[in-house]
There are 2 protein chains.
Amino acid sequence: MTEQVKKKAPVRRRKEARPQELTAAALSLFVEKGFAATRLDEVAARAGVSKGTLYLYFDSKEALFLAVIREGIVPIIDEGRKLLVAHADDPVRMLREYLFGWWSLFGATELGGVPKLMTSEAQNFPEVAQYYLREVIQPGKALMQAVLDRGVAKGVFRPTDSALVTHILMAPLLHLALWRHSFAVCCQVPDMDPQAYLETYFDLVLKGLAAAPEGGV
Amino acid sequence: MTEQVKKKAPVRRRKEARPQELTAAALSLFVEKGFAATRLDEVAARAGVSKGTLYLYFDSKEALFLAVIREGIVPIIDEGRKLLVAHADDPVRMLREYLFGWWSLFGATELGGVPKLMTSEAQNFPEVAQYYLREVIQPGKALMQAVLDRGVAKGVFRPTDSALVTHILMAPLLHLALWRHSFAVCCQVPDMDPQAYLETYFDLVLKGLAAAPEGGV
DNA sequence: GATAAATAACTGACTGGTCAGTTATTAACT
DNA sequence: AGTTAATAACTGACCAGTCAGTTATTTATC
């Protein structure tokens with residue numbers, strides 16, 4: 001050991017990307033097995049560290065949960081908002097971007113398991129649920145409601161209770177995400193093509209919202 | 001104590017309704033706190049017995065889970081089927097009965113928490129999930145698909161991929177049920193009236209499915 | 001109809017394993 | 001040397017599942 005041997009290269013420890021690695025590992029395990037059934041030893045192992053290390057970055061299992069949501073989801077909202085303004089003059093196009101964008105940016109990724117996770121655990125972790133409601137659901141709703149209202153103002157959509165309709169319109173997307181993270185995994189379903197599902201759904205919605213009896217896009 | 005005093009009435013032990021009392025207690029707790037977070041001591045206490053007694057009737061926690069589904073849900077399917085045939089000649093009316101009936105018979109009751117429960121736990125309990133898929137989801141889907149196909153045959157609905165549409169149409173109902181058992185409970189939501197939600201939704205669906213451009217029911 | 005024997009329903013203390021969270025120790029780097 | 005990062009062994013609470021023992025109810029016997 002005349003000089004520092006090159007153990008360091010293969011080891012490559014002590015990064016500051018550690019929290020992200022941990023939240024990423026936690027996300028996939030939480031989504032896969034649920035919060036309660038996920039052991040912190042597993043999370044740490046998947047991130048390539050020990051459980052003690054996990055506690056250097058997060059105070060508790062619940063704090064890790066909150067971080068998973070915060071790091072994983074909140075950035076997506078802003079990204080989605082930016083994509084939307086690109087078509088601000090065409091409500092039908094905006095709605096399409098919203099729904100399909102939600103799916104490709106969120107639902108189809110690993111984050112698509114988060115609605116299942118949040119729904120399951122909302123009652124057990126009210127603070128996380130409130131955070132999610134405030135930072136994710138409500139902004140998302142507001143965004144879609146703006147799209148709908150604009151469509152009505154332009155005479156493209158018929159008037160509706162847009163607060164209710166935002167909920168209703170999100171449901172099939174959420175359902176698809178939940179399905180893929182529950183029954184689709186454990187039962188061998190005769191599979192459901194997301195793209196066909198989305199197209200069929202969007203078609204239904206457009207006809208359901210259309211303003212004029214024989215209106216056309 | 002000249003003759004047998006009526007001690008029996010207040011005591012009222014040794015019933016054979018015991019399993020039902022246990023599954024009822026388990027249902028409400030599973031729905032409220034999730035499967036993993038529910039302790040069997042609690043279930044037993046809510047049913048007014050000890051944990052040992054619970055094990056006289058059910059082999060394991062998972063067996064109790066399966067019983068909850070079997071006893072609670074499967075009977076509802078048949079009941080629903082009977083209600084439907086009453087309007088077999090009017091597809092629009094049938095669809096309305098289906099959706100509103102689902103809500104009043106199932107979604108609005110304590111059983112409305114079961115979708116949340118099943119979604120959360122499907123991956124952890126594949127056998128229960130497969131049972132639920134086979135005995136609940138698939139029959140329910142088949143029933144609605146029949147309604148849709150009949151509507152198309154009668155020229156009331158436009159042709160669609162009815163297998164996909166059944167999924168899509170169920171989503172807002174499931175979403176409402178999930179919502180009421182998650183965020184609605186823990187966050188004080190600005191409340192969402194189920195009746196208004198259902199009416200708005202049904203209106204949207206009918207216009208989305210209508211066959212003729214200016215068709216009218 | 002009483003008394004005793006047999007059985008069915010039930011209990012709660014106990015066990016064994018699990019797992020969130022802690023801490024004493026070691027390795028890495030400056 | 002001292003400081004920081006990481007670990008692995010440890011602790012203690014928790015809980016599904018068990019079982020020896022208790023209490024209620026029925027059946028048998030006189």
Side-chain angles (χ1 to χ4, degrees), chain A residues 1-23 25-26 29-30 32-68 117 121 124-125 127-128, chain B residues 1-23 25-26 29-30 32-68 117 121 124-125 127-128:
Chain A
M1 287 193 188
T2 54
E3 57 181 359
Q4 294 173 352
V5 191
K6 289 171 188 172
K7 292 181 213 165
K8 213 176 67 180
V11 174
R12 101 173 191 38
R13 278 172 179 166
R14 306 225 295 99
K15 297 173 64 176
E16 267 317 317
R18 204 34 61 79
Q20 282 180 11
E21 293 170 6
L22 284 163
T23 52
L29 282 166
F30 286 168
E32 182 184 330
K33 321 175 59 163
F35 179 81
T38 298
R39 280 164 296 134
L40 290 187
D41 283 306
E42 261 181 300
V43 174
R46 185 168 293 197
V49 297
S50 72
K51 188 170 61 167
T53 300
L54 193 156
Y55 274 90
L56 295 177
Y57 298 102
F58 303 99
D59 289 345
S60 67
K61 198 180 182 186
E62 181 169 355
L64 177 63
F65 186 12
L66 191 62
V68 164
L117 181 60
E121 302 296 344
N124 295 330
F125 301 96
E127 293 186 13
V128 182
Chain B
M1 290 192 189
T2 54
E3 56 181 1
Q4 296 175 347
V5 190
K6 290 168 188 171
K7 293 181 214 166
K8 216 172 66 180
V11 173
R12 94 174 199 34
R13 274 176 178 166
R14 308 224 296 96
K15 295 174 67 175
E16 268 317 317
R18 205 32 62 81
Q20 282 179 12
E21 295 170 4
L22 284 163
T23 52
L29 283 166
F30 286 168
E32 181 184 332
K33 319 175 60 162
F35 180 82
T38 297
R39 292 188 306 271
L40 290 187
D41 282 303
E42 261 181 299
V43 174
R46 186 169 292 197
V49 296
S50 72
K51 188 167 60 166
T53 300
L54 193 156
Y55 274 90
L56 296 176
Y57 297 102
F58 303 99
D59 289 344
S60 66
K61 199 180 180 186
E62 180 168 357
L64 177 62
F65 186 11
L66 191 62
V68 165
L117 183 60
E121 303 296 344
N124 296 330
F125 301 96
E127 294 186 13
V128 182

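Bear in mind the structure is a predicted one, so any value in this text is a computation, not a measurement. Residue numbering restarts at 1 for every chain, and letters A, B, ... go by the order of the sequence lines.
- Within 6.0 Å of the CD atom in Gln20(B), the count of heavy atoms belonging to other residues, nucleotides or ligands does not exceed 12.
- When rounded to the nearest whole Å, the span between NZ of Lys61(A) and C1' of dA13(D) equals 15 Å.
- The side chain of Tyr57(B) contributes an N or O atom lying less than 4.0 Å from OP1 or OP2 of dC10(C).
- Atom CZ of Phe65(A) and atom P of dA20(C) are 14 Å apart (whole Å).
- Of the inter-residue distances, the one linking Leu66(A) atom CG with Phe58(A) atom CZ reads 10.0 Å to the nearest 0.5 angstrom.
- Listed nucleotides dG17(D), dG21(C), dA8(D) differ in distance to Ser50(A); the shortest reach to its side chain belongs to dA8(D).
- In this entry the distance linking CG of Leu40(B) with P of dC14(D) reads 16 Å, nearest Å.
- In terms of heavy-atom proximity, Val128(A) sits nearest to Glu62(A) at CG2-OE2, 4.1 Å.
- Side-chain atoms of Lys61(A) come within 3.5 Å of backbone atoms of Phe35(A) as a donor-acceptor pair (strictly under, hydrogens ignored).
- One interatomic measurement links the two molecules: CG of Leu56(A) to C1' of dG21(C), which rounds to 13 Å at whole-angstrom precision.
- Separating the CZ atom of Arg39(B) from the P atom of dT18(C) is a distance of 20 Å, rounded to the nearest angstrom.
- In this structure, Lys51(A) places its NZ atom 12 Å from C1' of dT7(D), rounding to the nearest Å.
- Look at Thr53(A) and you won't find any side-chain N or O under 4.0 angstrom from OP1 or OP2 of dA6(D).
- Remark: P of dT18(D) and CZ of Phe58(B) are 15 Å apart, rounded to the nearest angstrom.
- Atoms OH (Tyr55(B)) and C1' (dC15(D)) sit 9 Å apart, rounded to a whole Å.
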